[in-house]
Every structure is written in C-alpha cells, then in structure tokens.
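Here, residue 1 is the first one in the sequence, and each next residue gets the next number. Excluded from the calculations below are hydrogen atoms, water molecules and symmetry mates; all remaining heavy atoms, backbone and side chain alike, are included.
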Amino acid sequence: MLAIYRRHGFVLAAEIIPIVLFALVLIGVGFFAIGQLPDEIIPVRTMIVLGMLLFLHLFWIVLFIILADFFLDVWVLTDQRVIAIEQKGLFARTVSEFDLSRIQDVTIEVHGIIPTMFNYGNLIARTASEHESFIFKQVGRPHEIKDALIQASTAQRNSALAAIAKHVQSNT
C-alpha cells in the first residue's frame, strides 16, 4: 500500500458546523422557553425537555452518519491498483478498483474560492475499462495525488515492460 486518501477535512467541518449550530440554537430556544413558562405549567416544561432530548438523540444519529460516511469513503493507492471505497448511507458500500496500467488520463477539478484556498477538489482518473472514470470526490491536495497516481502508473507500466523483456530474452 502506497497511500490512503480521504476527502478534505474542511468538507467534514462544512457538513458538521451547521448541524451543531442548529442544535445549539434549538437547545437555547428550548431552555429560553422553559424559563419563560410559569411554574404552574410543569407538564409543558416536561414535554419541552423530552422534545429537546429527542432532538439530541436525532442529532447524534445524524452526526454519526456524517462521520461514518466521511471516514469510510477512502481511496487506497497500491503499487498495482487503486481501490475506491464509497460508503452510501449506513448499510451500503461500493468498492471499485482499477489497475494502474489502465490509467489513460487524470483530471483535477477545483471550483470556487474555498476549494482553491483550502486546496481540495475532485480528481478524475479515466481508465481503459468498462468503468470509464473514477472520481476522487473533494480530496485534499489533488495535485499531489495526481502526481502520485501518475508516478505509480508509470512505475507499474515500466515493471510490466521489464517483465515482458525478461520473458522475451529467456525464450531466445
């Protein structure tokens, strides 16, 4: 295994921060509502607290799904192939792989100010297989990954050519 790549950490932060802020606002509104109610309405206070607890449980579930999707989406670069594992929800996963020798083209897409500033984008590897292209979504340092992919592909092709040349020499 040469390297393991994941989406950029900023992408994770961009997904988590709005949810955390929403949770904090909702909890703040709940505590404000509890503080404004008169002491005689205890059942309403209990319902508000139960609603806040239910929301917190849903918040943790959503947070877990986001973290699982982030950490289980992975691209593994080996000396012979690339393995792309994409988690889709909690119970679905797609695993694809392609040989480095089949890479025909590698393209980088960085769109916008924030991806440019934080150095992340999509890397598209086009291959000579039935799955024409593999997309590394929102990966950090796409230029370095492209260079590593091309370097590993070139090394794999050179070793294959050396093996063929050795085989031809041994047969003559």
May I ask you to decide if [Y]'s main-chain N or O and [X]'s side chain share a donor-acceptor pair within less than 3.5 Å?
X: Arg7; Y: Lys137; value: no
X: Gln87; Y: Gly89; value: yes
X: Thr116; Y: Gly112; value: yes
X: Asn122; Y: Gln138; value: yes

Do [X] and [Y] belong together in a cluster built from hydrophobic side chains that touch within less than 4.5 Å?
X: Val11; Y: Met117; answer: yes
X: Ile16; Y: Trp60; answer: yes
X: Leu72; Y: Ile4; answer: no
X: Phe22; Y: Leu58; answer: no
X: Leu53; Y: Ile34; answer: yes

Item checked: CA sep, side-chain torsions, deciding dist, call: Phe64, Leu90, side chain to side chain contact (heavy atoms under 4.5 Å, CB included) -> CA-CA 9 Å; Phe64 174 77; Leu90 285 178; 3.7 Å; yes

Margin query: side chain to side chain contact (heavy atoms under 4.5 Å, CB included), that's the test. Do Ile108 and Ile145 meet it? Break it down for me.
Written below: CA-CA 10 Å; Ile108 296 172; Ile145 296 172; over 6 Å; no

Rounded to the nearest 0.5 Å, what's the gap from [atom1] on [X] to [atom2] on [Y]? Could you check?
X: Arg81; Y: Leu100; atom1: CZ; atom2: CG; result: 8.5 Å
X: Asn119; Y: Ile114; atom1: CG; atom2: CD1; result: 14.0 Å
X: Leu12; Y: Leu67; atom1: CG; atom2: CG; result: 5.5 Å
X: Phe134; Y: Glu86; atom1: CZ; atom2: CD; result: 11.5 Å
X: Lys146; Y: Ile150; atom1: NZ; atom2: CD1; result: 5.0 Å
X: Phe31; Y: Met52; atom1: CZ; atom2: CE; result: 3.5 Å

If every non-hydrogen atom of [X] is compared with every non-hydrogen atom of [Y], which pair is closest and at what distance?
X: Phe59; Y: Ala23; value: CD1-CB, 3.8 Å
X: Leu2; Y: Thr78; value: CD1-O, 3.6 Å
X: Arg6; Y: Val139; value: O-CG2, 3.4 Å
X: Pro142; Y: Gly121; value: CG-N, 4.1 Å
X: Leu149; Y: Leu77; value: CD1-CD1, 3.8 Å
X: Ile48; Y: Ala33; value: CD1-CB, 4.1 Å

Checklist line | Heavy-atom neighbours of Glu109 CD exceed 12 at 6.0 Å | finding: yes

Note to self: Check this for me: Leu54, atom CG, are more than 12 non-hydrogen atoms of other residues, nucleotides or ligands nearer than 6.0 Å?
What the structure shows: yes

Next item on the list: Check step by step if side chain to side chain contact (heavy atoms under 4.5 Å, CB included) holds for Leu63 and Ile19.
Entry: CA-CA 8 Å; Leu63 190 64; Ile19 293 172; 5.7 Å; no

Item checked: CA sep, side-chain torsions, deciding dist, call: Ile66, Asp69, side chain to side chain contact (heavy atoms under 4.5 Å, CB included) -> CA-CA 5 Å; Ile66 290 171; Asp69 184 46; 5.9 Å; no

Next item on the list: If the plane angle is over 60° it's perpendicular, under 30° parallel, otherwise tilted; pick one for Phe10 and Tyr120.
Entry: tilted

